[in-house]
Amino acid sequence: MWMIPGQNQTRVSEFILLGFSSDPTTNSILFIVFLLIYLSSVLGNGLIILLICLDTQLHTPMYFFLCILAMVDMGYVTTTMPQMLVHLLAHSHTISFAGCWMQMYVFSALGITECTFFVVMAYDRYVAICYPLRYTVILNWGLCVRLASGSLVCGFLSALLHTFFTMSLPYCGPNKVNHYFCQGPSVRSLACMDTHLIEMVDLILSVLLVVTPISLIVASYIHIAMAILKIKSTQARCKAFSTCASHLTVVTFFYVPASYIYMRPHSSYSPEQIKQISLFYNVFTALLNPVVYSLRNKDIKRAFLKVIGHSSVDY
């Protein structure tokens with residue numbers, strides 16, 4: 001801590017992340033489990049990126065967006081997991097004020113980016129099913145790049161506002177964050193001033209950033225469902241639905257826990273509940289995304305077999 005000039009008060013210069021447990025044996029077990037999860041997430045998403053880049057048949061808008069999602073997931077989980085793994089084995093669980101600021105900002109930015117990017121992917125499925133003959137015309141590469149860039153800009157600008165409000169608060173007392181990373185609400189609870197107004201503003205922003213994308217995704221899938229129901233062939237109808245199933249699955253995995261934690265007042269949760277829910281949408285979603293897309297996607301499996309030496313496979 002350091003002294004605030006002109007005031008008989010100290011200001012926090014670092015935070016202590018309490019993590020999940022103080023028991024060394026438990027932490028050793030958690031280290032092995034989370035290390036395997038982290039490596040699987042990075043390798044899974046990295047493999048999807050590699051396959052899409054190497055296979056020219058996957059150079060389409062759908063797989064371009066999937067490649068961007070995999071990159072965001074890799075960054076998202078890397079923002080928190082390596083430090084958590086270190087803290088599980090180290091005696092010191094500290095993080096500098098600047099490090100906490102940066103972690104909170106990048107985590108929020110990538111989270112919001114993923115929220116908005118799921119809307120882009122829903123739009124991709126909408127165009128593919130409702131306007132199949134004009135798919136490549138509507139979703140030209142220029143538009144794809146603009147949509148991806150717009151999602152990133154939206155995420156990083158929105159996160160800047162959230163992080164600035166949280167980290168500009170005075171922190172002059174306790175510095176123990178009951179979390180495994182610098183999550184906004186958990187850090188903000190340590191501020192030595194009334195944060196009720198800021199919490200309300202943050203809640204409104206969170207609702208807007210969650211409800212708006214969900215509403216757009218639902219609207220897209222209403223139109224998709226209506227288009228699928230008009231298809232006379234049962235086989236073609238099932239094929240059309242299967243192209244959306246992977247996206248719907250990952251959207252559910254991400255939005256359900258994120259909505260549950262960010263669209264309710266922070267005071268309604270126990271610290272342990274917050275950590276568990278955060279762990280699911282931060283860590284497990286990044287692990288599940290490549291599994292869902294690779295297991296349900298024949299093109300990804302074909303590209304993988306092609307890379308390891310099998311030129312063609314019948315499904």
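These numbers come from a predicted model, not from an experiment.
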Between Tyr76 and Phe254, what is the ring plane arrangement, given parallel below 30°, perpendicular above 60°, and tilted in between?
tilted
On a heavy-atom basis, which atom in Ser151 and which in Phe117 lie closest, and how many Å separate them?
OG-CD1, 3.7 Å
Between Ala227 and Cys130, which heavy-atom pair has the shortest distance, and what is it?
CB-SG, 3.8 Å
Please tell me if the side chains of Leu205 and His162 come closer than 4.5 Å, counting only heavy atoms from C-beta onward.
no
One should read off an interatomic distance between Thr80 OG1 and Leu17 CG, to the nearest 0.5 angstrom, of 11.0 Å
Heavy-atom distance under 4.5 Å between the side chains of Ile138 and Tyr123, does that happen here?
yes
Would you find a donor on one side and an acceptor on the other, under 3.5 Å apart, between the side chain of Ser186 and the backbone of Cys182?
no
Is it the case that the side chains of Asp124 and Tyr135 hold a donor-acceptor pair, with the cut-off being a distance below 3.5 Å and no angle test?
yes
Can you give me the closest heavy-atom contact between Lys275 and Gly19, atom names plus distance?
NZ-O, 2.6 Å
Just checking Tyr171 against Phe15, ring centres under 6.0 Å apart?
yes
Just so I know, are the side chains of Val283 and Leu287 near enough to count as touching, which here means a heavy-atom distance under 4.5 Å?
no
If only atom types and distance count, is the side chain of Thr116 paired as donor or acceptor with the main-chain N or O of Thr113 below 3.5 Å?
yes
Nearest 0.5 Å please: distance from the CG atom of Leu279 over to the OG1 atom of Thr285.
10.0 Å
Quick check: are there more than 12 heavy atoms from other residues, nucleotides or ligands sitting under 6.0 Å from CZ of Phe280?
yes
Set of residues satisfying side-chain hydrogen bond (donor to acceptor under 3.5 Å, both in side chains) with respect to Tyr105, sequence neighbours excluded
none
Is there a disulfide between Cys67 and Cys53 in this structure (defined here as SG atoms under 2.5 Å apart)?
no
All heavy atoms of Leu88 vs all of Asn27, minimum pair found to be O-CB, 3.2 Å
Short question: side chain of Asn45, backbone of Pro290 - any donor-acceptor pair under 3.5 Å?
no
Evaluate Gln83 against Gln103 for side-chain contact (heavy atoms from CB on, under 4.5 Å), listing each step before the verdict.
CA-CA 10 Å; Gln83 182 189 59; Gln103 185 184 59; 3.0 Å; yes
Output for pair (Cys100 SG, Ile16 CD1), nearest 0.5 Å, gives 12.0 Å
So, His93 side chain and His87 main chain: donor-acceptor pair closer than 3.5 Å or not?
yes
Are any non-hydrogen side-chain atoms of Leu147 and Phe65 less than 4.5 angstrom apart?
yes
Indicate yes or no for a side-chain donor-acceptor contact from His223 to the backbone of Ala219 under 3.5 Å, with no hydrogens or angles considered.
yes
Any side-chain heavy atom of Phe156 within less than 4.5 Å of one from Leu110?
yes
Do Val250 and Leu288 come within less than 4.5 Å of each other through their side chains, counting heavy atoms only?
no
Tyr131 OH to Leu139 CG distance, which is reported to the nearest 0.5 Å
12.0 Å
Evaluate the ring pair (Phe, Tyr, Trp, His ring centres under 6.0 Å) criterion for residues Phe181 and His179: first the C-alpha distance (whole Å), next the side-chain angles of each, then the deciding distance (0.1 Å), finally the verdict.
CA-CA 6 Å; Phe181 73 99; His179 214 295; 4.7 Å; yes
Where is the tightest heavy-atom contact between Phe97 and Met167, given as atom of each residue plus distance?
CZ-O, 3.4 Å
Which value, rounded to the nearest 0.5 Å, describes the distance between Met74 atom CE and Leu43 atom CG?
8.5 Å
Nearest non-hydrogen partners of Cys244 and Arg125, listed with the distance
SG-CB, 4.2 Å
From CD1 (Ile112) to CG (Leu160), nearest 0.5 Å:
10.0 Å
Between Tyr180 and Asn282, is there a side-chain donor-acceptor contact under 3.5 Å, judged purely by atom types and distance?
yes
Flag side-chain contact, heavy atom, 4.5 Å: Thr60 against Phe64:
no
